[in-house]
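One structure below.
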Amino acid sequence: IVQDATLAGFDWGSYLEKSGLLAAPVSCFRHAPLCAQWDDIYVGLKVEVLNTHTALPSKVYWIATVVQLTGYKALLRYEGFEDDDSHDLWCNLGTADVHPIGWCAVNSKLLVPPQEVHQHIKDWKSYLMERLVGAHTLPVDFHVKMADSLRCPFRQGVRVEVVDRSQVSRTRLAVVDTVIGGRLRLLYEDGGLGPSGEVLSDFWCHMQSPLVHPVGWSERVGHSIKKTDVNVNMSSHPAFRKVLQNSVPDQFKKLRTVYMGNKFFEEGMKLEAVDPLNLGNICVASIRKVLLDGYIMVGIDGVEIGDGSDWFCYHASSHAILPVGYCESNNIPLTLPPGYDHATFTWAQYLEETGTVAAPQRLFNTDDVGHGFTPGMKLEAVDLMEPRLVCVATVRRCVGRLLLLHFDGWEPEFDQWVDCQSPEIYPVGWCEITGYQLQPPIGPEPPQGQERSNTSRKAKPF
Ligand code: MLZ
């Protein structure tokens with residue numbers, strides 16, 4: 001079931017009021033528009049905003065104060081209502097007709113007070129003068145910066161290498177079809193078209209996702225790549241009618257360089273890893289292969305098919321690989337290989353009976369990065385198992401740089417561990433700004449602390 005928040009009438013403002021008004025601040029999301037500017041946005045700022053409380057036929061504006069800030073959404077109170085909150089309005093600072101103080105004067109717009117308060121205050125000019133002394137407002141270049149930060153180096157027709165959703169151990173050539181807010185809809189080059197030209201297989205990810213790479217990457221680092229089936233003809237699809245253009249490393253996020261010299265990860269070493277097909281589980285895992293440039297292939301112990309097709313590529317700097325003992329010391333339930341149970345499992349014994357060694361702790365990127373997330377904060381997050389969907393979500397736990405995300409209204413088995421710097425998480429209001437469809441919570445919240453259900457999502461890769 002896919003729902004459109006706008007059709008379902010989902011409104012972040014009233015939802016947040018019911019749930020305690022806690023949202024992750026925009027400054028937590030490095031890849032999000034205006035992240036760097038957000039230190040200048042705070043409760044108490046005064047702005048000029050469209051006056052919706054007037055019978056005048058033309059657009060007029062009035063001064064308002066930010067009284068709440070949750071993600072990009074600000075709760076505004078028109079000047080003159082003072083302590084009366086009954087006319088407060090939620091607006092998205094990225095999209096609303098909201099401007100710095102002085103904008104109306106410069107642009108010949110009228111400042112007119114709302115009808116309801118018109119009578120109460122006789123001399124508006126001196127009232128405003130008094131209220132505006134020492135007030136702060138939006139930076140003048142707020143909307144320019146917003147537009148700048150929405151620019152994206154990817155266009156329709158650009159070719160990339162991206163994980164093959166039908167076999168996660170390999171990549172596959174794909175072409176950018178759509179770009180929304182830096183998120184790419186990718187069509188596999190041999191994904192095929194249905195009888196009426198519909199795309200049979202696509203993949204969504206943010207342009208900074210670790211799953212997408214420039215053309216030539218797989219060969220360079222030694223990752224397996226699906227050979228394009230030349231019998232599949234995609235040429236009637238608009239994305240393929242363009243002159244296709246290969247993506248280049250400049251268009252991608254630079255990963256932190258890791259020194260691979262002697263004493264790097266080695267085949268057979270044990271670790272704990274986020275299961276790529278069950279992102280709520282951190283499992284007992286093994287290094288299966290060491291590629292170049294700091295990339296490794298990881299397999300989940302005890303559930304591997306055996307032909308390597310379920311190995312997954314992680315970079316050594318990834319949050320998703322953790323040293324042995326990490327779950328125990330952070331009170332996270334470790335998912336054990338079948339046949340083991342929590343009462344008796346110890347890493348020491350497991351290493352001994354498998355004749356293996358733990359990957360050295362210092363190879364892992366578990367540095368505390370000092371993010372600003374705390375449990376209970378709301379955000380918009382990609383369901384990485386169905387990466388087209390950006391959903392209403394809550395931070396459930398913060399452990400080091402990992403966040404456990406819960407999708408509001410969904411069973412806990414949908415929860416996912418993500419990095420605090422994941423490009424697939426966004427502030428409240430991001431969808432509204434970018435025009436991306438937001439998935440509202442489904443049904444009532446399940447009661448807290450219920451048992452995990454047995455229905456596993458494992459069978460459904462991505
Ligand atoms: N149809 C799918 C959608 C799941 C999306 C959940 N997002 C948090 C299902 O029901 O499995």
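Each ligand, and each atom within it, is numbered from 1 in the order the structure gives. FYI, the numbering just counts along the sequence from 1.
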Exercise for the section: List every atom of ligand 1 that sits less than 4.0 Å from any heavy atom of D383, numbering the atoms from 1 in the order shown and giving each element. Expected result: 5 (C), 6 (C), 7 (N), 8 (C)
Exercise for the section: Under 4.0 Å from a heavy atom of L389: give me the atoms of ligand 1 that qualify, with their elements. Expected result: 5 (C)
Handout entry: Enclosure of R220 CZ (heavy-atom neighbours >12, cutoff 6.0 Å)
Key = yes
Problem - Atom pair CD/CG of Q437 and L389 - distance to nearest 0.5 Å - result: 8.0 Å
Problem - Ring centers of H31, Y426 separated by less than 6.0 Å - result: yes
Practice task
Decide if atom NZ of K227 counts as having more than 12 heavy atoms of other residues, nucleotides or ligands within a radius under 6.0 Å.
Solution key: no
Practice task
Using a 4.0 Å heavy-atom cut-off, say whether E386 meets ligand 1 through its side chain, its backbone, both or neither.
Solution key: side chain
